[in-house]
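What follows is a set of notes on a single structure, which appears directly below.
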Amino acid sequence: EGSHFIATSPLEAWTTYLQVSLLSGFFLSLPVIFYQLWIFIAPGLYRNEKKIALIFVIFSTLLFAGGGLFGYFVIFPVGFKFFVTALEGTEISLLPQMRDYLGFVTRMLLIFGLVFETPLILILMARLGIVSFRQLSAARRYLVVFAFLIAGILTPGPDVVSQLLLALPLLGLYEISLIAIRFIEKKK
């Protein structure tokens with residue numbers, strides 16, 4: 001609150017607005033791009049393959065968007081609050097550059113979107129027979145350590161709260177994956 005961005009070159013604001021426009025245009029055009037890909041690929045697929053592909057596309061899109069939104073609206077405020085409060089009592093003022101902020105936000109949205117794809121990856125691996133429910137449930141204790149390691153690397157701040165805010169959803173997504181895999185294995 002009360003802060004603002006700075007531009008350190010005459011073209012920085014203009015190029016940042018252009019980058020935001022390009023990214024927005026790309027994401028808004030994704031439904032059309034996916035539709036065009038689908039009409040190209042669909043004739044070569046069997047009916048059951050079409051059904052699986054359509055379910056995969058819908059869930060991957062929802063999970064990616066959910067991950068990006070979660071990162072932006074839950075993790076970012078906590079991480080930035082940590083950075084701002086860490087500067088309190090010092091003579092340092094936080095004046096973020098527009099291009100740095102845009103690059104940071106873009107990277108974090110992609111990272112969180114990809115991290116939230118974990119259930120689909122695990123379910124796909126189970127459908128292909130690479131992993132089983134038994135293997136994944138036996139590896140649960142290792143996943144807890146791995147989730148906190150990943151959260152420590154990917155979160156914007158070194159504070160425990162933002163790491164928990166990523167590690168706990170990762171663990172939840174893993175448990176959801178296990179439930180889905182168990183259902184799939186029983187169905188077989």
Side-chain angles (χ1 to χ4, degrees), residues 14-76 99 101-140 142-144 146-147 149-151 153-156 165-188:
W14 187 80
T15 57
T16 303
Y17 289 140
L18 182 63
Q19 288 174 341
V20 168
S21 299
L22 289 172
L23 282 172
S24 299
F26 174 72
F27 283 114
L28 290 173
S29 68
L30 279 177
V32 175
I33 293 170
F34 285 147
Y35 177 73
Q36 293 296 322
L37 282 170
W38 179 251
I39 4 182
F40 178 73
I41 295 171
L45 299 175
Y46 293 111
R47 178 177 239 168
N48 63 338
E49 292 172 336
K50 286 180 187 180
K51 182 180 170 185
I52 291 170
L54 191 59
I55 291 170
F56 182 79
V57 166
I58 290 170
F59 279 107
S60 66
T61 304
L62 290 175
L63 286 170
F64 188 86
L69 291 172
F70 179 80
Y72 189 77
F73 289 110
V74 177
I75 301 294
F76 291 161
R99 72 169 168 249
Y101 179 78
L102 177 65
F104 178 72
V105 167
T106 304
R107 279 191 306 277
M108 294 309 287
L109 288 176
L110 289 174
I111 288 169
F112 278 94
L114 292 174
V115 164
F116 271 62
E117 297 288 330
T118 303
L120 281 181
I121 294 168
L122 291 175
I123 291 169
L124 182 63
M125 290 172 64
R127 294 273 294 170
L128 295 173
I130 297 171
V131 295
S132 67
F133 173 80
R134 178 184 251 178
Q135 291 171 323
L136 291 174
S137 61
R140 185 180 280 129
Y142 301 112
L143 178 78
V144 172
F146 183 70
L149 178 69
I150 292 295
I153 294 169
L154 296 181
T155 52
L165 288 174
L166 178 59
L168 293 178
L170 271 174
L171 294 172
L173 290 169
Y174 187 76
E175 293 300 323
I176 290 170
S177 302
L178 285 177
I179 292 168
I181 290 169
R182 185 172 195 144
F183 178 75
I184 291 169
E185 287 182 357
K186 281 186 177 182
K187 197 173 181 182
K188 280 186 180 180

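Heavy atoms only: backbone and side chains are in, while hydrogens, waters and symmetry mates are out.
Contact detail for Pro119 and Ser177: the closest heavy-atom pair is CA-OG, 2.9 Å. When all heavy atoms of Gly67 and Phe112 are compared, the pair lying nearest together is O-CB, 3.2 Å. Smallest separation of non-hydrogen atoms from Leu45 and Lys50: O-CE, 3.5 Å. Residue Ala151 comes nearest to Leu166 through the heavy atom pair CA-CD2, 3.7 Å, listed as atom of the first residue, atom of the second, then distance. Looking at every heavy atom in both residues, Gln19 comes nearest to Leu102 through OE1-CD2, 3.1 Å. A pairwise comparison of heavy atoms in Trp38 and Pro43 identifies O-CD, 4.4 Å as the closest pair.
Counting heavy atoms from C-beta outward, Ile52 and Arg127 have side chains that approach closer than 4.5 Å. Annotation: side chain of Thr15 is not in contact with side chain of Arg99 (no heavy-atom distance under 4.5 Å).
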Quick one: do Phe64 and Leu110 satisfy side-chain contact (heavy atoms from CB on, under 4.5 Å)? Show the steps, please.
CA-CA 8 Å; Phe64 188 86; Leu110 289 174; 3.8 Å; yes
Would Val57 and Thr61 satisfy side-chain contact (heavy atoms from CB on, under 4.5 Å), going step by step from the backbone distance to the final call?
CA-CA 6 Å; Val57 166; Thr61 304; 4.2 Å; yes
Under the criterion side-chain contact (heavy atoms from CB on, under 4.5 Å), I'd like the reasoning laid out for Phe133 against Ile184: C-alpha separation, chi angles, the key distance, then a yes or no.
CA-CA 10 Å; Phe133 173 80; Ile184 291 169; over 6 Å; no
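Each salt bridge (Lys or Arg N to Asp or Glu O under 4.0 Å) pair with one or both residues in residues 166-182, not counting sequence neighbours, appears once here: Arg140-Glu175.
Atom CG of Leu149 is separated from atom CG of Leu170 by 11.0 Å, given to the nearest 0.5 angstrom. Within the model, atoms CD1 of Ile123 and CG of Leu128 stand 12.0 Å from one another, a figure rounded to the nearest 0.5 Å. Distance check, rounded to the nearest 0.5 Å: OH of Tyr174 to CG of Leu136 gives 4.0 Å. Taking CG of Leu23 as the start and CG of Leu28 as the end, the distance is 10.5 Å to the nearest 0.5 Å. The distance from the CZ atom of Phe56 to the CG atom of Leu124 is 6.0 Å, given to the nearest 0.5 Å. Between Leu63 atom CG and Thr118 atom OG1 the span is 9.0 Å, to the nearest 0.5 Å.
Note on ring orientation: taking the six-membered ring where Trp is involved, the planes of Phe70 and Phe116 are tilted (angle from 30° to 60°).
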